[in-house]
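As a basis for the values below, the full set of heavy atoms in this structure was taken, side chains included, without hydrogen atoms, waters or symmetry mates.
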Amino acid sequence: MKKIGLLLFLLLWMAGSAHVYSSEKQITALGDSIPYGYQLTPGNKQASPQAFPYLIGEKSGMAVHNLSVPGLTSGELLQELKTNKAVRKTVADSDYVLLYIGGNDLLNFLKQNDPGHGVDLEKAAPVIRNLIYNVYSTILEIDALTDGEIFIYNLYNPYPAASDQLNAPLAYINKQYQSLVQLVRHFASVTLLDAYEVFDGHPEYIIERDVHPNKKGQEKLAELGWNQLKKKL
């Protein structure tokens with residue numbers, strides 16, 4: 001997942017990352033190239049209107065601020081959320097926050113460890129541990145900034161052809177996501193959305209020879225979010 005760079009957070013936000021469908025309620029999307037809609041718009045210079053946060057905005061009639069950055073890791077997102085005043089202000093004004101993060105943590109590990117020969121969970125353990133800690137800390141930061149609802153997506157398999165090799169680490173990561181959400185729901189308004197289940201068995205949702213959702217995949221992610229969000233309305 002190609003990285004644009006953390007310094008572009010504010011530039012992306014100022015350059016039209018907000019699509020306004022209504023001024024009454026606001027949705028903010030945080031994450032990497034998945035909610036950004038990478039590869040769906042020529043040049044990838046701004047978040048794609050076909051990305052699932054905007055599709056949810058269309059269905060709900062809410063304003064959407066897409067602050068996602070391709071290539072972002074969970075640690076980098078947490079740092080931006082702690083230090084970037086523009087990001088913090090946008091989140092603070094949000095009624096709903098969509099969070100998809102963690103794919104680059106896993107992909108960066110896989111680049112150094114051939115998934116075709118399986119993934120050693122012992123080697124992956126520090127990466128997974130840091131990912132879960134960062135996601136937990138990110139939820140706490142969001143919850144401290146806004147009383148809005150938080151919707152967190154777990155991770156789908158970016159390499160369907162290597163499903164056997166990735167099943168173990170993905171199952172472990174997503175189990176930790178589930179346990180984490182069950183914990184924080186005692187003091188924060190957070191809902192887990194199962195992207196893994198939606199994409200499982202559907203390689204046609206991913207751009208060919210790529211790891212990103214195609215238009216159909218983005219529609220499925222939007223459907224998953226909208227089905228939960230409309231229960232809150």
Checklist line | Distance, nearest 0.5 Å, that separates CG of Leu98 from OG1 of Thr28 | finding: 8.5 Å

For residues 140-151, dump all side-chain donor-acceptor pairs below 3.5 Å to protein atoms at least two apart in sequence or in another chain.
residue, atom, partner, partner atom, Å
Glu141, OE1, Arg88, NH1, 3.3
Thr146, OG1, Ser94, O, 2.8
Thr146, OG1, Gly148, N, 2.9

Next item on the list: Would you confirm whether Tyr36, through its side chain, and Asn44, through its main-chain N or O, come within 3.5 Å as a donor-acceptor pair?
Entry: yes

Show the atom names and distances, to 0.1 Å, of all donor-acceptor pairs under 3.5 Å that link a side chain in residues 220-233 to residues at least two apart or in another chain.
residue, atom, partner, partner atom, Å
Asn227, ND2, Glu223, O, 3.2

Note to self: According to side chain to side chain donor-acceptor pair (under 3.5 Å), who are the partners of Asp93, at least two apart in sequence or on a separate chain?
What the structure shows: Lys89

Check: What residues, two or more places apart in sequence or in another chain, satisfy side-chain contact (heavy atoms from CB on, under 4.5 Å) together with Gln176?
Finding: Ile132, Tyr172

Notebook entry, point to check: Are the side chain of Asn66 and the backbone N or O of Pro35 linked by a donor-acceptor pair below 3.5 Å?
Noted result: yes

Notebook entry, point to check: Taking only residues two or more places apart in sequence or in another chain, which ones pass side chain to side chain donor-acceptor pair (under 3.5 Å) with Thr191?
Noted result: none

Margin query: Could you measure the distance from the CG atom of Asn154 to the OH atom of Tyr196? Nearest 0.5 Å is fine.
Written below: 9.5 Å

Next item on the list: Using the test ring pair (Phe, Tyr, Trp, His ring centres under 6.0 Å), find all partners of Phe199 that sit at least two apart in sequence or belong to another chain.
Entry: Tyr156, Tyr205

Item checked: All side chain to side chain donor-acceptor pair (under 3.5 Å) counterparts of Asn214, not counting sequence neighbours -> none

Checklist line | For Asn174, side chain to side chain donor-acceptor pair (under 3.5 Å) partners two or more places apart | finding: none

Next item on the list: List for me each residue that meets side-chain contact (heavy atoms from CB on, under 4.5 Å) alongside Gln182, sequence neighbours excluded, and say none if there are none.
Entry: Gln178

Margin query: I'd like to check the side-chain contact (heavy atoms from CB on, under 4.5 Å) partners of Glu204; sequence neighbours left out, ordered by chain and number.
Written below: His202

Item checked: Separation between CG of Leu192 and CG of Leu180, rounded to the nearest 0.5 Å -> 9.0 Å

Next item on the list: Measure the CD1-NE2 distance between Ile34 and His212 for me, rounded to the nearest 0.5 Å.
Entry: 5.0 Å

Next item on the list: Only counting residues at least two apart or in another chain, list the ones meeting side-chain contact (heavy atoms from CB on, under 4.5 Å) with Val127.
Entry: Asp105, Phe109

Notebook entry, point to check: To the nearest 0.5 Å, how far apart are CD1 in Ile206 and CG in Asn157?
Noted result: 6.5 Å

Checklist line | Rounded distance (nearest 0.5 Å) linking atom CD of Glu76 with atom CG of Asp32 | finding: 10.5 Å

Check: Would Tyr133 end up clustered with Leu131 when hydrophobic side chains under 4.5 Å apart are linked, directly or stepwise?
Finding: no

Margin query: I'd like to check the ring pair (Phe, Tyr, Trp, His ring centres under 6.0 Å) partners of Phe52; sequence neighbours left out, ordered by chain and number.
Written below: Tyr153

